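Accompanying notes for the structure given below.
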2 protein chains.
Amino acid sequence: MSNLDQARVASRSTETTRAALIKAATSVFAEYGYDGGSVRLITQRAMANQAAVNYHFGGKDGLYREVLIAATRAFEENAFLDPEELDALSPEDALRRYLHQFLLPLVKRDRVSRFLRIFAWESVQPSEVFSAFIAHSPPRIFRLAERVVRRFLPQDASAETVTFAMLWLAQQPMFFVRDAERLAQPPFSLKFDEEALERLVDTLAGLSLRGLAGV
Amino acid sequence: MSNLDQARVASRSTETTRAALIKAATSVFAEYGYDGGSVRLITQRAMANQAAVNYHFGGKDGLYREVLIAATRAFEENAFLDPEELDALSPEDALRRYLHQFLLPLVKRDRVSRFLRIFAWESVQPSEVFSAFIAHSPPRIFRLAERVVRRFLPQDASAETVTFAMLWLAQQPMFFVRDAERLAQPPFSLKFDEEALERLVDTLAGLSLRGLAGV
DNA sequence: TTGAAATTCAAACGCTCGTTTGAAGCGAAA
DNA sequence: TTTCGCTTCAAACGAGCGTTTGAATTTCAA
């Protein structure tokens with residue numbers, strides 16, 4: 001076996017641990033955010049040793065960076081919402097599609113939903129790792145929101161107005177995803193099943209489209 | 001001097017320390033949230049001993065509870081936005097007034113603004129203290145938002161719809177207040193002076209009132 | 001089978017956190 | 001002046017955090 005093969009085999013075992021750690025870290029960071037997610041809990045869920053994080057990723061931040069890379073890759077895959085797909089829809093349908101996609105974590109606990117939750121955390125407790133990560137490429141949720149919003153705004157809208165409207169739209173689903181657990185408690189007591197999600201999409205789409213005066 | 005007088009004098013000195021701690025805690029919790037705000041920083045700013053927090057308030061949570069009580073009192077004072085005042089305005093003006101009031105922290109660093117910032121933190125990192133505190137009386141920002149929203153919604157709107165719309169409105173200003181510092185950085189680079197605040201109020205009021213289709 | 005490299009492991013380190021401790025300081029009554 | 005309760009203080013405690021350490025184990029080419 002060549003040295004290359006040895007490296008490959010060695011890295012196969014390495015990859016197992018790395019993958020388990022990234023997976024566990026994704027769920028832990030989705031639940032508790034970067035600061036609140038502890039290395040001990042991650043390694044416990046990954047059934048790995050604490051030191052493995054530092055051995056394989058150089059530290060907690062290195063592991064987080066890998067999670068963000070995986071998240072970016074998942075978002076870039078056309079499995080997720082596609083800019084071209086949005087453009088093919090009418091502005092109204094694009095808006096509905098956007099809201100529905102980013103509210104999905106309310107009822108699904110899949111991988112993409114966890115990534116969205118991490119983004120929701122970052123929208124509130126930005127970590128240095130994340131800030132550096134997105135420094136020169138705004139996260140997709142903002143790029144998509146801008147795309148949706150631009151089709152409604154007049155051509156001569158100022159950059160500031162576009163930014164206001166884009167942020168306004170982008171943070172609407174993030175709020176519900178982020179605060180889902182709190183909204184499930186009194187005094188709100190909102191439980192999100194598929195049907196409640198549809199009603200939420202309807203309500204938000206209606207409000208965003210036509211505003212309060214249009215209901 | 002009677003025992004009562006002695007107690008009064010003793011409590012005067014006590015009140016000095018307590019007031020300094022509550023004031024310092026308000027600013028620290030406004031800056032860093034409950035979890036992120038350390039007792040050491042609070043006592044340092046209050047020029048008090050660390051142990052004073054436990055002596056006077058029984059612990060960090062007791063001090064926080066006092067801050068929340070002070071915040072509630074400040075909000076209940078008619079210095080702040082008054083439900084009756086809102087009702088006296090047209091629905092549109094009430095909406096503008098609401099947004100303007102809750103976006104004020106962007107340009108002012110006064111006491112009420114700090115309380116609003118604490119609420120913004122809680123909307124994202126709910127502490128047990130806060131949850132217990134508001135358990136049976138929703139914070140005013142939500143009660144006011146419901147009041148504003150109800151005047152637009154049809155009488156037969158479901159409770160869930162009202163809640164959706166209320167949350168939708170309430171979190172709009174909270175987002176900008178909470179993320180002000182992040183929005184000041186690239187890639188957004190939004191600086192909020194008085195004029196930018198007015199433009200933001202205009203934009204949000206327009207979007208909330210007429211939606212994207214109305215711009 | 002052997003030896004060296006890669007990986008895992010339990011334990012400990014250094015740090016910050018909220019809290020506790022017991023002595024010292026203080027003001028007012030006796 | 002002495003005494004007593006209230007308040008302050010420096011120091012330490014215990015728990016949790018990310019990280020480091022050095023030995024044990026595993027892996028696999030030779």
Side-chain angles (χ1 to χ4, degrees), chain A residues 1-25 28-29 31-67 121 125 127-130, chain B residues 1-25 28-29 31-67 121 125 127-130:
Chain A
M1 223 181 210
S2 71
N3 281 343
L4 209 88
D5 287 333
Q6 179 185 5
R8 199 185 301 147
V9 171
S11 75
R12 193 180 304 158
S13 146
T14 291
E15 274 316 310
T16 307
T17 308
R18 283 177 57 100
L21 283 172
I22 291 175
K23 186 178 174 188
V28 168
F29 289 141
E31 268 181 68
Y32 304 103
Y34 176 66
D35 285 338
S38 77
V39 170
R40 279 169 176 81
L41 180 56
I42 292 169
T43 53
Q44 186 179 315
R45 288 199 187 172
M47 293 194 291
N49 190 270
Q50 274 188 52
V53 168
N54 297 275
Y55 179 77
H56 288 287
F57 301 97
K60 185 187 184 184
D61 57 340
L63 174 55
Y64 190 50
R65 207 169 291 117
E66 289 301 316
V67 172
W121 272 106
Q125 264 194 327
S127 66
E128 285 184 19
V129 179
F130 187 84
Chain B
M1 222 182 210
S2 72
N3 281 341
L4 209 89
D5 286 334
Q6 180 185 3
R8 198 184 303 147
V9 172
S11 75
R12 193 181 303 158
S13 147
T14 291
E15 274 315 310
T16 307
T17 307
R18 283 178 56 100
L21 283 172
I22 291 176
K23 186 178 174 185
V28 168
F29 289 142
E31 267 181 70
Y32 304 103
Y34 177 65
D35 285 338
S38 76
V39 170
R40 279 169 175 81
L41 180 56
I42 292 169
T43 52
Q44 187 179 316
R45 287 200 189 171
M47 293 195 290
N49 188 270
Q50 273 188 51
V53 168
N54 297 275
Y55 180 78
H56 289 286
F57 301 97
K60 186 187 184 185
D61 57 340
L63 173 56
Y64 190 49
R65 207 168 291 118
E66 289 301 318
V67 172
W121 272 106
Q125 265 194 326
S127 65
E128 286 184 19
V129 179
F130 187 85

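Per chain, numbering begins at 1; letters A, B, ... match sequence-line order. Remember, predicted model here, so these are calculated numbers, not experimental data.
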Considering residues at least two apart in sequence or located in another chain, which fulfil the side-chain hydrogen bond (donor to acceptor under 3.5 Å, both in side chains) criterion with B:Arg45?
-> B:Ser27, B:Glu31
Looking at residues at least two apart in the chain, or sitting in another chain, which of them share a salt bridge (charged side-chain N to carboxylate O under 4.0 Å, His left out) with A:Arg65?
-> A:Asp61
Plane angle bin for A:Phe29 and A:Tyr34 - parallel if under 30°, tilted between 30 and 60°, otherwise perpendicular | tilted
Could you pull out the protein-nucleic contacts involving nucleotides 18-22 of chain C (nitrogen or oxygen on both sides, under 3.5 Å)?
| unit_1 | atom_1 | unit_2 | atom_2 | d |
| --- | --- | --- | --- | --- |
| C:dG18 | OP1 | B:Gly37 | O | 3.3 |
| C:dG18 | OP1 | B:Val39 | N | 3.4 |
| C:dG18 | OP1 | B:Lys60 | NZ | 2.8 |
| C:dG18 | OP2 | B:Val39 | N | 2.8 |
| C:dG18 | N7 | B:Arg40 | NH1 | 2.8 |
| C:dG18 | O6 | B:Arg40 | NH2 | 2.9 |
| C:dT19 | OP2 | B:Lys60 | N | 2.7 |
| C:dT19 | O4 | B:Gln50 | OE1 | 2.8 |

Whole-Å distance, A:Tyr55 OH to D:dT27 C1', equals 12 Å
Could you tell me the separation between the CD atom of A:Gln44 and the P atom of D:dG18, rounded to a whole number of Å?
-> 13 Å
Mind checking what makes side chain to side chain contact (heavy atoms under 4.5 Å, CB included) contact with A:Tyr55, not counting sequence neighbours?
-> none
How close or far is atom C1' of D:dT27 from atom CD of A:Glu15, stated in whole angstroms?
-> 16 Å
By ring pair (Phe, Tyr, Trp, His ring centres under 6.0 Å), B:Phe130 pairs with (sequence neighbours left out) B:Phe119
Contacts of B:Thr43 that satisfy side-chain hydrogen bond (donor to acceptor under 3.5 Å, both in side chains) - sequence neighbours left out | none
Below 4.0 Å: OP1/OP2 of C:dA6 and any side-chain N or O of A:His56 | no
Could you check how far OH of A:Tyr64 sits from P of D:dT19, rounded to whole Å?
-> 15 Å
